[in-house]
Amino acid sequence: MNIVACVKQVPDTEAQIKVKPDGSGIEEGGIKWVMNPYDEFGVEEALRLKEKNGGEVTIVTVGPARAMETIRTALAMGADKGIHICDPTFDGADAYATASALAAAIKGIPHDIIFCGQRAIDDDSGQVGAVLAEFLGIPQVTVITKLEFAGGAIKAIRPIEGAQLLIECPLPCLVTAQKGLNEPRYASLPGIMKAKKKPVDVKDAAALGVTVTANAKVAKFIPPPARAAGKIICGDDPAMKAAELARLLREEAKVI
Amino acid sequence: MAKGVWIVAEQRDGAFRKISFELAGTARKLADVLGEEVCAVLCGSGIEGIAGQLGKYGVDKVFVADSPALEPYTTDAHAVAVAKAVKENDPAILLLGASTQGKDLSARLVGKLATGLATDCTDVKIADGKLLAIRPMYAGKCFGEVVFSTFPQMASLRPNVFPAVENAKAGVVVKFDPALDAGQLKTKVLEVQKDTSGKADLTEANVIVSGGRGMKGPEGYAILEELAAVLGATVGASRAAVDAGWRPQSDQVGQTGKIVSPNLYIACGVSGAIQHLAGMSSSKIIVAINKDAEAPIFTKADYGIVDDLFKIVPEFTKECKKLLA
Ligand SMILES: Cc1cc2nc3c(=O)[nH]c(=O)nc-3n(C[C@H](O)[C@H](O)[C@H](O)COP(=O)(O)OP(=O)(O)OC[C@H]3O[C@@H](n4cnc5c(N)ncnc54)[C@H](O)[C@@H]3O)c2cc1C
Ligand SMILES: Nc1ncnc2c1ncn2[C@@H]1O[C@H](COP(=O)(O)O)[C@@H](O)[C@H]1O
């Protein structure tokens, strides 16, 4: 089975995000970079499929030189090889441009199933998987919490508002991973040593024949709106504090 | 020249989802600034009869694709149908819900229509005749103002953030043939397992009562369930509570859980870790009940009580019962 997992390097969830004074982006100094948490679920599921059915897992990423670390992390978890699409013209690329690059790279290799995260926790856009599936002309099942493969098709669970869907989809297809799908493994020490020798192909935009455009562009980054300081309800008696809270929610905030 | 503000209306089992009216109300506002029409696309099976309801919320025209292949929702069928209507009519703006369905469909349409999309927006406006979409990024640690260089300019709107304003327009129903061909329809919904609790999903709830590690165990949630019953609320949880197995994954609020924006969010025994705040800071009113005065949740809370939640919550439930009686 030929399995592809797309991974993105993103700031750690604990990172403080500061907007540059001119609003052109965020300050990258001091940020710890990690694999997007949803992509960890994708890589883990890719490895489990390979362990059960045989085959190969290829990791693909679009990102600057530092993103190589994230590919190595996935290789250390057990993936077989990597493709690193590295080109400064991809800085600030939107989902359309990123997916074009991923599609160009993936078209060149056999692919039965492709994993993406349900969203990247930096841009929070949740688009790249579906756009990539469209470019490859294959079906998608997004935001899944369970995956089974049998007889050339997958069955996946997709939670929606107030229900869970059981969806069947033939290969080749693309799925996006949600928390709950699995518990991602940690890279072992021997895994880390082996990862250093696994092949990673580095390509630029010209080699893939893609040009970067931004159909949707963040023209300005702004800090979040400040929240006015809240009211702490003081007192010694829990019943009185609870009553005061109920009164404020009814009379002042008008939400109950 | 691309013209008009379009929405993709969402229905399930022949009833509109609330987000459809939120989309319509917002589209109307934008269209009035531009002096253009609001149109909706509605896909499903046996839904022609409900289409006209959108007129009440400011929709001039509803393009309806009615086919058994469009129910239940699949990406394959809906993306083909919506893309066809959009290509034939060339709208300037296309709004969808940032619901599970809207997120799935809108992203696929980005590829099909070769355009750009701003996901999960909390504000949209017209600037210089074009769409300006404002959305949280980095889990709400900053916001981005998104502009577009292609048409349609697409945005998905966060549920529960935009008001569904009534503004009666014609709501003329126009049927169109989605031209689905069986070869395009690859995915099949084998089963729909409905949640029978009767509670609103967290992403659509007006009131959420959320419990964290401070609930001490699965039994602790009984007092939150009682409060929720009184307030008509849905119960949520922190990741710590979900990972401990006290609550199902579908209850988790936060960066790796659900993003919610109720009118009222009551956090009990939740410390307010940055990943939790990421999921709920667009709530309109936030209440924190926590015995640690230093807990970060208090920096986001509009109202706070520093005390043992097991003493406060039952009293608070009693008070609410009295007020709402
Ligand atoms: C990649 C990543 C993603 C994550 N995603 C999420 C996410 O989506 N959602 C999420 O919630 N977390 C997420 N987390 C976890 C997050 O960092 C915190 O660990 C988690 O939110 C803590 O949950 P908590 O507030 O319930 O527990 P704690 O931090 O342990 O807080 C418990 C609180 O309860 C209070 N308390 C205890 N007893 C009482 C009592 N009797 N009365 C009143 N108060 C009491 C304590 O004072 C404390 O403040 C993520 C972490 C990572 C690394
Ligand atoms: N630059 C990238 N390189 C590789 N994969 C990516 C990249 N950006 C996004 N993806 C994949 O698409 C998913 C959704 O990302 P996004 O649409 O940016 O939220 C991620 O979880 C990744 O699996």
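The sequence lines fix the lettering, A, B, ..., with proteins before strands; numbering per chain opens at 1.
- For B/Val313, no part lies near chain A; criterion is any non-hydrogen pair under 4.5 Å.
- Expressed to the nearest 0.5 Å, how far OG1 of B/Thr256 lies from CD1 of A/Ile121 amounts to 8.5 Å.
- The distance from the CG atom of A/Asp124 to the OH atom of B/Tyr138 is 9.5 Å, given to the nearest 0.5 Å.
- Taking every heavy atom of both residues into account, B/Cys142 and A/Phe221 meet most closely at SG-CD2, 4.0 Å.
- Heavy-atom pairs under 4.5 Å with chain B were tallied for A/Gln118, A/Lys18, A/Glu252; the largest tally goes to A/Glu252.
- There is no contact between B/Thr196 and chain A, counting heavy-atom distances below 4.5 Å.
- A salt bridge links B/Asp302 with A/Arg227: the distance from a Lys NZ or Arg NE/NH1/NH2 to an Asp or Glu carboxylate oxygen falls below 4.0 Å.
- Annotation for B/Gln193: atom CD counts as buried by contact number, over 12 foreign heavy atoms lying within 6.0 Å.
- Looking at B/Gln101, the atoms closer than 4.5 Å to chain A (heavy atoms on both sides) all sit in the backbone: N, CA, C or O.
- B/Thr115 and A/Asn215 form no side-chain donor-acceptor contact under 3.5 Å, judged by distance and modelled atom types alone.
- Side-chain contact between B/Phe143 and A/Pro223 is absent, with no heavy-atom pair separated by less than 4.5 Å.
- Proximity of a side-chain donor or acceptor of B/Lys141 to a complementary backbone N or O of A/Ala15 within less than 3.5 Å is detected.
- Salt-bridge formation is not detected for the pair B/Glu319/A/Arg247: no Lys NZ or Arg NE/NH1/NH2 atom is positioned less than 4.0 Å from an Asp or Glu carboxylate oxygen.
- Both the backbone and the side chain of A/Pro139 have a heavy atom closer than 4.5 Å to some heavy atom of chain B.
- For the set B/Ser149, B/Gly232, B/Ala273, B/Ala200, the entry with the most heavy-atom pairs within less than 4.5 Å of chain A is B/Ser149.
- Of the residues considered (B/Val146, B/Leu190, B/Asp195), B/Leu190 shows the highest number of contacts with chain A, using heavy-atom pairs under 4.5 Å.
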Can you list the steps and then say if B/Arg12 with A/Ile160 is a side-chain contact (heavy atoms from CB on, under 4.5 Å)? CA-CA 11 Å; B/Arg12 220 190 278 169; A/Ile160 61 169; 3.6 Å; yes
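- Between chain B and the options A/Pro224, A/Gly230, A/Ala228, A/Cys173, the largest number of non-hydrogen pairs under 4.5 Å is found for A/Pro224.
- For the pair B/Val207 and A/Val255, the minimum side-chain heavy-atom distance is 4.5 Å or more.
- For the set B/Ile286, B/Thr299, B/Leu202, the entry with the most heavy-atom pairs within less than 4.5 Å of chain A is B/Ile286.
- Both the backbone and the side chain of B/Ile285 come within contact range of chain A, each with at least one heavy atom under 4.5 Å from a heavy atom of that chain.
- Within 6.0 Å of the NZ atom in B/Lys199, the count of heavy atoms belonging to other residues, nucleotides or ligands exceeds 12.
- Annotation: maximal heavy-atom pairing with chain A below 4.5 Å, among B/Asn263, B/Thr317, B/Thr75, occurs at B/Thr75.
- What you find for A/Gly162 and B/Asp201 is that their closest heavy atoms are N-OD1, 3.3 Å.
- Looking only at atom types and distance, the side chain of A/Gln164 has no donor-acceptor partner in the side chain of B/Glu191 under 3.5 Å away.
- Counting heavy-atom pairs under 4.5 Å between each of B/Lys194, B/Gln153, B/Lys112, B/Lys103 and chain A puts B/Lys112 at the top.
- Only the backbone of A/Ile138 comes within contact range of chain B, with at least one heavy atom under 4.5 Å from a heavy atom of that chain.
- The neighbour count for B/Lys188 NZ, taken as heavy atoms of other residues, nucleotides or ligands under 6.0 Å away, does not exceed 12.
- Both the backbone and the side chain of B/Ser99 come within contact range of chain A, with heavy atoms under 4.5 Å apart.
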Report the C-alpha separation of A/Gln127 and B/Thr119 in whole Å, then their side-chain angles, then the decisive distance to 0.1 Å, and conclude whether the side-chain hydrogen bond (donor to acceptor under 3.5 Å, both in side chains) test is met. CA-CA 8 Å; A/Gln127 297 180 33; B/Thr119 310; 3.0 Å; yes
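- To the nearest 0.5 Å, atom CE of residue B/Met137 and atom OG of residue A/Ser125 are 8.0 Å apart.
- Chain A forms more heavy-atom pairs under 4.5 Å with one residue of B/Leu132, B/Val147, B/Ile312 than with any other, namely B/Val147.
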Steps toward side-chain hydrogen bond (donor to acceptor under 3.5 Å, both in side chains) verdict (A/Thr13, B/Gln275): CA-CA 7 Å; A/Thr13 55; B/Gln275 301 92 346; 2.8 Å; yes
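- In this structure, the portion of B/Ile259 lying under 4.5 Å from any heavy atom of chain A is its side chain and not its backbone.
- Contacts of B/Asp76 with chain A are made by side-chain atoms alone, with heavy-atom separations under 4.5 Å and no backbone atom involved.
- For the atom pair OG1 (A/Thr145) and CD (B/Gln249), the distance works out to 8.0 Å, reported to the nearest 0.5 Å.
- In this structure, chain B has heavy atoms under 4.5 Å from both the backbone and the side chain of A/Ala219.
- Residues B/Thr100 and A/Arg158 meet the side-chain proximity criterion, which asks for heavy atoms closer than 4.5 Å.
- Residue contact with chain A, scored on non-hydrogen atoms closer than 4.5 Å, involves the side chain of B/Ile274 exclusively.
- Inter-residue side-chain proximity for B/Phe148 and A/Lys217 is flagged as unmet; no heavy-atom pair is nearer than 4.5 Å.
- Both the backbone and the side chain of B/Ala114 have a heavy atom closer than 4.5 Å to some heavy atom of chain A.
- For B/Phe298, the part lying under 4.5 angstrom from a heavy atom of chain A is the side chain only.
- A salt bridge does not link A/Asp237 to B/Lys311: none of the charged side-chain nitrogens sits closer than 4.0 Å to a carboxylate oxygen.
- The environment of NZ in B/Lys321 is sparse: at most 12 heavy-atom neighbours from other residues, nucleotides or ligands sit within 6.0 Å.
- Electrostatic pairing of A/Lys241 and B/Asp307 counts as a salt bridge here, judged by a charged N lying under 4.0 Å from a carboxylate O.
- Using a 4.5 Å cut-off between heavy atoms, A/Ala243 touches chain B through backbone and side chain atoms alike.
- For NZ of A/Lys179, the number of neighbouring non-hydrogen atoms (other residues, nucleotides, ligands) closer than 6.0 Å is greater than 12.
- Closest heavy-atom contact between B/Thr187 and A/Cys169: CG2-SG, 3.5 Å.
- For A/Lys155, the part lying under 4.5 angstrom from a heavy atom of chain B is the side chain only.
- When every heavy atom of B/Lys186 is checked against every heavy atom of A/Pro170, the shortest pair comes out as O-CD, 3.3 Å.
- Looking at A/Val143, neither its backbone nor its side chain comes within 4.5 Å of chain B, counting heavy atoms on both sides.
- Distance check: A/Glu161 CD to B/Lys258 NZ gives 7.5 Å after rounding to the nearest 0.5 Å.
- Interface residue B/Glu204: only side-chain heavy atoms are found under 4.5 Å from chain A.
- A 6.0 Å sphere centred on CG of A/Asp22 holds more than 12 heavy atoms belonging to other residues, nucleotides or ligands.
- The contact between A/Ala214 and chain B is made entirely by backbone atoms, counting heavy-atom distances below 4.5 Å.
- The side-chain heavy atoms of B/Ile305 and A/Leu245, taken from C-beta on, include a pair separated by under 4.5 Å.
- How far SG of B/Cys320 is from CZ of A/Arg250: 9.5 Å, rounded to the nearest 0.5 Å.
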